Amino acid sequence: QVQLVQSGAEVKKPGASVKVSCKASGYTFTGYYVHWVRQAPGQGLECMGWINPTSGGTDYAQKFQGRVSLTRDTSINTAYMELNRLRSDDTAVYYCARGGNGHAFDIWGQGTMVTVSS
Amino acid sequence: DIQLTQSPSFLSASVGDRVTITCRASQGISRSLAWYQQKPGKAPKLLIYAASTLQSGVPSRLSGSGSGTEFTLTISSLQPEDFATYYCQQLNSYPRTFGQGTKVDVK
């Protein structure tokens with residue numbers, strides 16, 4: 001079936017980097033944008049950026065410019081989100097999502113918990 | 001960035017109730033709006049896109065309407081599985097901002 005499967009939970013120290021993977025299956029990976037969304041504990045949803053798997057083109061929310069990098073490996077149908085210079089307020093669940101019908105996010109990964117703590 | 005404001009933020013209701021959630025955009029977004037449902041510990045689930053188009057598999061008791069700056073999500077007869085948090089999202093421009101959420105819980 002159509003799904004996105006993300007890598008497991010991470011615990012990082014402030015100042016470190018984290019890289020989360022998102023593997024697509026059941027559909028043509030290059031046919032849909034992949035978006036990244038995060039959710040801090042007890043909080044709402046926040047878009048971080050997107051990647052076009054065909055071209056590798058990206059766009060980032062201004063809040064994350066310079067700290068986030070989205071990449072992909074089309075040979076293994078996987079997208080990646082790397083966040084640098086981690087702070088305690090980066091503690092959140094990070095989701096990848098497929099941009100589908102009407103550009104809405106129709107398929108979501110299961111989420112990856114990233115905890116930033118000294 | 002386009003701001004989305006949902007009302008109410010919390011809603012207590014009973015099974016069988018008609019429930020309406022409103023989402024207001026800080027500027028016109030035509031019909032570029034989606035609605036999601038999220039349950040604790042789970043990823044959001046797409047319910048409606050293009051303001052009123054039901055995603056495949058979503059029950060017909062849910063409906064969406066609106067255009068421009070004001071949108072609504074209506075559940076005609078609340079079912080036990082509908083107790084959750086609902087988010088609107090604008091799809092007009094990047095970043096694809098979300099509303100702050102509306103939690104629907106048991107009265």
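For clarity, every value in this text was computed on a predicted model and none was experimentally measured.
- B:Ser77 approaches B:Asp82 most closely through the heavy-atom pair O-OD2, 4.2 Å.
- Note on B:Leu4: it does not cluster hydrophobically with B:Tyr36, by side-chain heavy-atom contacts below 4.5 Å among ILVMFWY residues.
- The hydrophobic clustering, which links ILVMFWY residues whose side-chain heavy atoms are closer than 4.5 Å, places A:Val20 and A:Leu4 together.
- Here the rule is side chain to side chain donor-acceptor pair (under 3.5 Å) with B:Ser65, and of B:Thr20, B:Thr72, B:Thr74 only B:Thr72 fits it.
- B:Leu33 and B:Ile48 end up in the same hydrophobic cluster when Ile, Leu, Val, Met, Phe, Trp and Tyr side chains are linked at under 4.5 Å.
- Taking every heavy atom of both residues into account, B:Pro59 and B:Leu54 meet most closely at O-CD2, 3.6 Å.
- Within the 4.5 Å cutoff, the side chain of B:Leu11 has no heavy atoms near those of the B:Tyr86 side chain.
- The environment of A:Gln65 atom CD is dense: over 12 non-hydrogen atoms of other residues, nucleotides or ligands sit within 6.0 angstrom.
- In the hydrophobic cluster analysis, where Ile, Leu, Val, Met, Phe, Trp and Tyr join through side-chain heavy atoms closer than 4.5 angstrom, B:Phe10 is grouped apart from B:Leu73.
- In this structure, B:Ile75 and B:Arg61 have side chains that are in contact, with non-hydrogen atoms separated by less than 4.5 Å.
- Heavy-atom pairs under 4.5 Å with chain A were tallied for B:Ser32, B:Pro44, B:Ala43; the largest tally goes to B:Pro44.
- Hydrophobic clustering of Ile, Leu, Val, Met, Phe, Trp and Tyr side chains at less than 4.5 Å, counting indirect connections, keeps A:Ile51 apart from A:Ile76.
- Scanning all heavy atoms of the two residues, the minimum distance from A:Tyr60 to A:Leu70 falls at OH-N, 2.9 Å.
- Rounded to the nearest 0.5 Å, atoms OG1 (A:Thr71) and NZ (A:Lys19) are 4.5 Å apart.
- Within residues 30-42 of chain A, the residues approaching chain B closer than 4.5 Å by heavy atoms are, in numerical order, A:His35, A:Val37, A:Gln39.
- The cationic atom of A:Arg98 (NZ for Lys, CZ for Arg) lies less than 6.0 Å from the six-membered ring centre of A:Tyr27 and within 45° of the ring axis.
- At a heavy-atom cut-off of under 4.5 Å, chain B is reached by A:Tyr95 from residues 78-97 of chain A, listed in order of number.
- Using a 4.5 Å heavy-atom cut-off against chain A, the contacting residues of residues 88-104 of chain B are B:Gln89, B:Leu91, B:Tyr94, B:Pro95, B:Arg96, B:Phe98.
- Taking the side chain as every heavy atom from C-beta outward, B:Val15 and B:Pro80 approach each other to under 4.5 Å.
- Using a 4.5 Å heavy-atom cutoff, the side chains of B:Lys39 and B:Lys45 are not in contact.
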Next on the checklist: For a side chain to side chain contact (heavy atoms under 4.5 Å, CB included) check, start with the C-alpha distance between B:Ser7 and B:Arg24, then their side-chain angles and the critical distance, and finish with the verdict.
Outcome noted: CA-CA 8 Å; B:Ser7 59; B:Arg24 290 187 172 87; 3.8 Å; yes
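- Within residues 101-118 of chain A, the residues having any heavy atom closer than 4.5 Å to a heavy atom of chain B are A:Asn101, A:Gly102, A:His103, A:Ala104, A:Phe105, A:Asp106, A:Trp108, A:Gly109, listed by residue number.
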